[in-house]
K.L.:
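Before I ask anything, here is the structure I am working with.
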Amino acid sequence: MDKVKAKKHLGQHFLKDESIAKDIADTLTLEEYNKVLEIGPGMGVLTKYLLEKDVETYVIEIDAESVEYLNAHYAKLHGKILSEDFLRYDISKTFGNEPFAIIGNFPYNISSQIVFRTLELREQIPEFSGMFQKEVAERICEKKGSKTYGILSVLVQAFYDAEYLFTVSEHVFNPPPKVKSGVLRLRRKENFHLPCSERLFFNVVKTAFNQRRKTLRNSLKTLNLPDNLREDSIFDLRPEQLSTEDFIELVKKIEANGV
Ligand code: SAH
């Protein structure tokens with residue numbers, strides 16, 4: 001089998017530049033875990049640099065043709081190729097409840113879903129790095145006050161320290177995507193359990209950003225907060241004016257009022 005033919009509906013843009021592939025593989029610090037899961041390996045341009053490292057490498061790939069290619073070309077991956085959809089796969093079948101890192105030159109059509117799934121699995125994922133569409137990578141790492149700051153930024157930064165590492169041009173892919181790419185690294189915070197209800201935190205952040213032009217007093221009406229609480233000046237703000245820590249304080253206030 002020669003080469004995998006790029007399929008648009010699977011977000012396939014294969015990286016051609018070996019030195020960038022190596023740079024991405026090197027973003028993992030390899031602390032706190034000894035297993036890595038690469039999402040969407042394609043023809044393995046990143047995988048081969050992971051296989052050189054002192055870490056056990058698994059890959060998960062939805063495309064049967066890519067899986068066939070990987071089986072034919074990487075003997076070291078034998079038994080560690082999951083021919084599955086990352087978004088639907090029950091990861092405990094492979095990792096139990098052991099920690100593992102995630103890496104990838106990710107399929108951009110499901111970027112946000114990959115990040116949300118990672119957040120669900122955060123107890124097991126001390127580190128996450130790889131490449132997204134540049135805007136998405138920037139948004140995840142963005143701080144309060146910016147237009148692109150949003151749900152992804154707040155939720156990710158509640159649990160992870162997010163670093164935007166470098167930008168990658170569209171010309172190093174086959175076929176080239178329409179947009180530039182950005183590589184980031186997320187390292188789980190030492191204390192990643194929130195001092196408030198995590199369910200309420202997710203709910204408040206999502207509800208507030210769903211109407212991001214409104215003040216919290218208006219956007220959070222559906223939560224039926226007591227009037228005395230709604231007089232607090234924090235409710236004059238719009239969600240993009242609150243840091244992750246501010247959202248946590250807000251949720252603590254809501255909880256203190258018995259909501
Ligand atoms: N890492 C390779 C390929 C990047 S393209 C490279 O850098 O060249 C994105 C890859 O993700 C494709 O191989 C695509 O088949 C795979 N993919 C798309 N959706 C997926 C999903 N839900 N689960 C696992 N892999 C997926």
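Bear in mind the structure is a predicted one, so any value in this text is a computation, not a measurement. Positions are given from 1 along the sequence.
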K.L.:
Under a 4.5 Å side-chain heavy-atom rule over Ile, Leu, Val, Met, Phe, Trp and Tyr, are V204 and L119 clustered together?
P.N.:
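Yes, it is one cluster - the side chains of V204 and L119 are joined through contacts under 4.5 Å.
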K.L.:
Carefully, step by step, assess K147 and E142 under the rule salt bridge (charged side-chain N to carboxylate O under 4.0 Å, His left out).
P.N.:
CA-CA 9 Å; K147 261 195 186 158; E142 197 60 83; over 6 Å; no
K.L.:
Kindly determine whether Q157 and T244 satisfy side-chain hydrogen bond (donor to acceptor under 3.5 Å, both in side chains), including the steps that lead there.
P.N.:
CA-CA 7 Å; Q157 292 173 41; T244 291; 4.7 Å; no
K.L.:
Can you list the steps and then say if F201 with L250 is a side chain to side chain contact (heavy atoms under 4.5 Å, CB included)?
P.N.:
CA-CA 9 Å; F201 176 79; L250 171 64; over 6 Å; no
K.L.:
Let me check something: any side-chain donor-acceptor pairs from residues 100-114 under 3.5 Å, sequence neighbours excluded? List them with distances.
P.N.:
| residue | atom | partner | partner atom | Å |
| --- | --- | --- | --- | --- |
| Y108 | OH | S181 | OG | 2.7 |
| N109 | ND2 | H9 | O | 3.2 |
| S111 | OG | Y108 | O | 2.9 |

K.L.:
When you measure from the side chain of Q124 to the backbone N and O of L121, does any donor-acceptor pair fall under 3.5 Å?
P.N.:
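No, because the side chain of Q124 does not come within donor-acceptor range (under 3.5 Å) of the backbone of L121.
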K.L.:
Hey, can you pull the donor-acceptor pairs under 3.5 Å for the side chains in residues 14-23, sequence neighbours left out?
P.N.:
| residue | atom | partner | partner atom | Å |
| --- | --- | --- | --- | --- |
| D17 | OD1 | S19 | N | 2.9 |
| D17 | OD1 | S19 | OG | 3.0 |
| D17 | OD1 | I20 | N | 3.0 |
| E18 | OE1 | K48 | NZ | 3.3 |
| E18 | OE1 | Y49 | OH | 2.6 |
| E18 | OE2 | K48 | NZ | 3.3 |
| K22 | NZ | D26 | OD2 | 2.9 |

K.L.:
Report the C-alpha separation of R187 and E163 in whole Å, then their side-chain angles, then the decisive distance to 0.1 Å, and conclude whether the salt bridge (charged side-chain N to carboxylate O under 4.0 Å, His left out) test is met.
P.N.:
CA-CA 9 Å; R187 297 183 73 185; E163 296 164 84; 5.5 Å; no
K.L.:
For the CD1 atom of I248 and the CD atom of E198, what is their distance to the nearest 0.5 Å?
P.N.:
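With rounding to 0.5 Å, CD1 (I248) is 9.0 Å from CD (E198).
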K.L.:
Determine whether a donor-acceptor pair (N or O, by modelled atom type, separation under 3.5 Å) exists between the side chain of K144 and the backbone of D246.
P.N.:
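Such a contact is absent between K144 side chain and D246 backbone.
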K.L.:
Regarding H73 and E68, do their side chains bring together a donor and an acceptor under 3.5 Å, going by distance alone?
P.N.:
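No, no side-chain donor-acceptor pair sits under 3.5 Å.
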K.L.:
If every non-hydrogen atom of A162 is compared with every non-hydrogen atom of I140, which pair is closest and at what distance?
P.N.:
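Nearest heavy atoms, A162 then I140: CB-O, 4.2 Å.
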K.L.:
Only distances under 3.5 Å count here; give the side-chain donor-acceptor pairs of residues 165-176 to other protein atoms, sequence neighbours excluded, each with its distance to 0.1 Å.
P.N.:
| residue | atom | partner | partner atom | Å |
| --- | --- | --- | --- | --- |
| T167 | OG1 | Y164 | OH | 2.7 |
| S169 | OG | H171 | N | 2.9 |
| E170 | OE1 | K180 | NZ | 2.9 |

K.L.:
Using a 4.5 Å cut-off on heavy atoms from C-beta on, say whether the side chain of I81 contacts that of Y58.
P.N.:
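They are not in contact (no side-chain heavy atoms under 4.5 Å apart), so the answer is no.
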K.L.:
Taking I125 as the starting point, is it possible to reach L46 by hopping between hydrophobic residues whose side chains are less than 4.5 Å apart?
P.N.:
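Unlinked, L46 and I125 end up in two clusters.
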K.L.:
Answer whether the closest heavy-atom distance between the side chains of S129 and L186 falls below 4.5 Å.
P.N.:
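Not touching, per the 4.5 Å side-chain cut-off.
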K.L.:
Hey, does the Lys NZ or Arg CZ of R212 hover above the aromatic six-ring of F209, less than 6.0 Å from the centre and inside 45° of the axis?
P.N.:
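Because its charged atom misses either the 6.0 Å distance or the 45° angle limit, R212 does not stack over F209.
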K.L.:
Apply salt bridge (charged side-chain N to carboxylate O under 4.0 Å, His left out) to residues E56 and K80 and explain how you reach the verdict.
P.N.:
CA-CA 9 Å; E56 220 177 301; K80 293 182 176 154; 3.6 Å; yes
K.L.:
Is E249 salt-bridged to K252, cutoff N-O under 4.0 Å?
P.N.:
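Answer for the salt bridge query: yes.
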K.L.:
Locate the shortest heavy-atom distance separating R185 from T29; write the atom from each residue and the value.
P.N.:
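The answer is NH1-CG2, 4.0 Å.
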K.L.:
Go through the steps to decide whether L229 and K253 satisfy the test side chain to side chain contact (heavy atoms under 4.5 Å, CB included), and finish with yes or no.
P.N.:
CA-CA 8 Å; L229 177 62; K253 279 185 189 172; 4.1 Å; yes
K.L.:
What about F247 and L237, same hydrophobic cluster or not, with Ile/Leu/Val/Met/Phe/Trp/Tyr joined at side-chain heavy-atom distances under 4.5 Å?
P.N.:
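Yes, because F247 and L237 connect within a single hydrophobic cluster, where side-chain heavy atoms sit under 4.5 Å apart.
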K.L.:
When you compare the side chain of E61 with that of E84, does any pair of heavy atoms fall below 4.5 Å?
P.N.:
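No, too far: nothing below the 4.5 Å cut-off.
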K.L.:
Would R122 pass as a cation-pi partner of F159, given that its NZ or CZ must be under 6.0 Å from the six-membered ring centre and within 45 degrees of the axis?
P.N.:
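Pair R122/F159 counts as cation-pi.
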K.L.:
Apart from L10 itself, which Ile, Leu, Val, Met, Phe, Trp or Tyr residues share its cluster (side-chain heavy atoms under 4.5 Å, direct or through members)?
P.N.:
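Cluster partners of L10: I62.
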K.L.:
Could you work out, with ring-ring contact (aromatic ring centres under 6.0 Å, His included) as the rule, every residue matching Y89, not counting sequence neighbours?
P.N.:
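Y89: no ring-ring contact (aromatic ring centres under 6.0 Å, His included) contacts found.
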K.L.:
So, using side-chain hydrogen bond (donor to acceptor under 3.5 Å, both in side chains) as the criterion, who are the partners of T207 when residues are at least two apart?
P.N.:
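Here the qualifying residues are N203.
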K.L.:
Quick one: closest heavy-atom pair of P41 and V59, and the distance?
P.N.:
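Where P41 meets V59 most closely, the heavy atoms are CG-CB, 3.6 Å.
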K.L.:
As a quick check of understanding, evaluate side-chain hydrogen bond (donor to acceptor under 3.5 Å, both in side chains) for D236 and S233, giving each step before the final call.
P.N.:
CA-CA 5 Å; D236 296 335; S233 60; 5.2 Å; no
K.L.:
Could you state the interatomic distance from CZ (R117) to CD1 (I39), rounded to the nearest 0.5 Å?
P.N.:
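Result: 10.0 Å between the selected atoms.
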K.L.:
Could you check L28 against E31 for side chain to side chain contact (heavy atoms under 4.5 Å, CB included), going step by step and ending with a plain yes or no?
P.N.:
CA-CA 8 Å; L28 290 176; E31 290 160 22; over 6 Å; no
K.L.:
Step by step, work out the side-chain hydrogen bond (donor to acceptor under 3.5 Å, both in side chains) result for Q12 and D63.
P.N.:
CA-CA 10 Å; Q12 290 183 336; D63 175 33; 2.9 Å; yes
K.L.:
Is there a side-chain contact between F235 and L225 (heavy atoms, below 4.5 Å)?
P.N.:
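Contact flag for F235/L225 side chains = yes.
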K.L.:
Count I, L, V, M, F, W, Y as connected when their side-chain heavy atoms are under 4.5 Å apart, and connections chain through other members. Are L82 and V55 then in the same cluster?
P.N.:
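Looking at the clustering, V55 is in a separate group from L82.
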K.L.:
Between E98 and K35, does the salt bridge (charged side-chain N to carboxylate O under 4.0 Å, His left out) criterion hold? Intermediate values first, please.
P.N.:
CA-CA 9 Å; E98 271 186 84; K35 292 182 178 173; 3.0 Å; yes
K.L.:
Please check this pair: side chain of S153 against backbone of R139, looking for a donor-acceptor N/O pair closer than 3.5 Å.
P.N.:
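Such a contact is found between S153 side chain and R139 backbone.
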K.L.:
What distance separates K178 NZ from Q133 CD, expressed to the nearest 0.5 Å?
P.N.:
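Taking NZ in K178 and CD in Q133, the distance rounds to 11.0 Å.
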K.L.:
Could you walk me through whether N257 and N228 pass the side chain to side chain contact (heavy atoms under 4.5 Å, CB included) test, one step at a time?
P.N.:
CA-CA 9 Å; N257 275 269; N228 65 318; 3.6 Å; yes
K.L.:
If two hydrophobic side chains count as joined below 4.5 Å and joins carry through other members, does Y160 share a cluster with M131?
P.N.:
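No, Y160 does not connect to M131 through the hydrophobic network.
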